[in-house]
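Comments concern the structure below.
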Protein chains: 2
Amino acid sequence: MDFEHADAINQAIRLLSLRHRARAASLLAPLGLHPGQEALLLELARHGPMIQAQLSEALGCEPPSVTLMTRKLEAGGHIRRAPAPSDRRASIVELTDSGKALAEQVKQLWCALAEETVRGLPAATVAELPGILNTLTGNVDTRR
Amino acid sequence: MDFEHADAINQAIRLLSLRHRARAASLLAPLGLHPGQEALLLELARHGPMIQAQLSEALGCEPPSVTLMTRKLEAGGHIRRAPAPSDRRASIVELTDSGKALAEQVKQLWCALAEETVRGLPAATVAELPGILNTLTGNVDTRR
DNA sequence: GCATAATAATTATGCGCATAACCAATATGT
DNA sequence: ACATATTGGTTATGCGCATAATTATTATGC
């Protein structure tokens, strides 16, 4: 592959990251959330109570990141942490009532953001978009 | 759009961002670069000397980010900053010889990364990928 | 010509992400 | 059973990104 084409791809991914994140930030700000935190809330809403190691795996980020995000969401009253009875190292994270309500609001925003993001693309392309993006992600995923 | 589909798209973009950046980081680390810096070097290699406001525009990030990145690249000896003769507010940024050599190495890595990223996709999809990504980016771009 | 607006850059601060080092608790191998 | 390895979590530190506020210079309106 020549450099022009390669750069078009890499640069497009970089810019999409920046812009999609920035747009998410502006939508989440009125809810008092920063981008990244919504993923944690949605994962808890989907899966129910989890320990941080599971969150780290599900969100695709490292344990120290989860420590800080959970701390801030806990300070905001959206989640609760309790020691796991079966393993005294682990702490179980779950949504509070406020967190559950917030997650519902995030779901609405998430739909609006996705629709805005794919606007103007042919329906067929939209349909195969998740598959394409997942392939790209899998190709550069060194996490395993 | 229902939440499942919306989340598939938003989450896929978020994960692609994380993984592509992480992969870029591991490729750039041997060159002593952090992700983001390569974009600045490549832009200077493509366009020649520029002032920071132009870099900010071209890279799609804010002026304070450019200030810090240029400071670090300058400390590494890869770029040089000189006051602009025509406008004493502006500073002209250009590659040093070391920076030019480094940019060439980055170009090689960039091709390898793009090939790795699109591996397994049909050629037709690869061909339209930049267009699709740019459409997505444009849809959420509030910068103008 | 001079007050005012706009622009280039910087500093301060905060968030998400990372890695490295560390502690506490559980699992394992002999 | 006990030393060792593994796992869950935290702290410290550093980078890229952001916004808000500040300074210095240039452009503009009357």
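To find a chain, count down the sequence lines: A is the first, B the second, and so on, and within it residues start at 1. Atoms considered below: every heavy atom in the structure, side chains included; atoms not considered: hydrogens, waters and symmetry mates.
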Of residues 38-56 of chain B, the positions that come close to DNA chain C - non-hydrogen atoms, cut-off under 4.0 Å: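 Here the set is B:Ile51, B:Gln52, B:Ala53.
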query: Where along residues 58-65 of chain A does a heavy atom fall under 4.0 Å from DNA chain C?
result: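 Here the set is A:Gly60, A:Cys61, A:Glu62, A:Pro64, A:Ser65.
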field: B:Ser65: side-chain hydrogen bond (donor to acceptor under 3.5 Å, both in side chains) partners, not counting sequence neighbours
entry: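 B:Ser65: no side-chain hydrogen bond (donor to acceptor under 3.5 Å, both in side chains) contacts found.
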With a cut-off of 3.5 Å and sequence neighbours excluded, list every side-chain donor-acceptor pair involving residues 117-126 of chain B.
unit_1	atom_1	unit_2	atom_2	d
B:Thr117	OG1	B:Leu113	O	2.6

- prompt: Below 4.0 angstrom, N of the basic side chain to O of the carboxylate: do B:Arg71 and B:Glu74 qualify?
  reply: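 Looking at B:Glu74 together with B:Arg71, the answer is no, because their closest N to O distance does not fall below 4.0 Å.
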message: Check this for me: does any side-chain nitrogen of one of B:Asp7 and A:Arg46 sit under 4.0 Å from a carboxylate oxygen of the other?
response: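 Salt bridge: yes.
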message: Here's a test for you: under side-chain contact (heavy atoms from CB on, under 4.5 Å), which of B:Leu109, B:Leu102, B:Leu40 qualifies with B:Leu33?
response: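 The side-chain contact (heavy atoms from CB on, under 4.5 Å) with B:Leu33 is passed solely by B:Leu102 among B:Leu109, B:Leu102, B:Leu40.
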- prompt: If you take all heavy atoms of A:Trp110 and B:Ala6, which pair is closest and at what distance?
  reply: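 Looking at all heavy atoms of both residues, the closest pair is O-CB, 3.7 Å.
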So, the side chain of [X] versus the backbone of [Y]: is there a donor-acceptor pair under 3.5 Å, distance only?
X        : Y        : result
A:Glu104 : A:Ala101 : no
B:Arg14  : A:Leu59  : yes
B:Gln52  : B:Ser91  : no

task: Compare all side-chain heavy atoms of A:Glu116 with those of B:Val140 and state whether any distance is below 4.5 angstrom.
output: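 Contact flag for A:Glu116/B:Val140 side chains = yes.
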- prompt: Which parts of residues 74-93 of chain A get close to DNA chain D, meaning a heavy atom less than 4.0 angstrom away?
  reply: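 Output list: A:Arg81, A:Arg89, A:Ala90, A:Ser91.
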field: Terminal contacting nucleotides, 5' and 3', DNA chain D versus chain A (heavy atom, 4.0 Å)
entry: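 Contact span on the strand: D:dT7 to D:dC17.
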message: Partner lookup for D:dC30, please. Criteria are Watson-Crick or G-U wobble with both distances under 3.5 angstrom; report none if nothing qualifies.
response: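 Pair assignment: D:dC30 / C:dG1.
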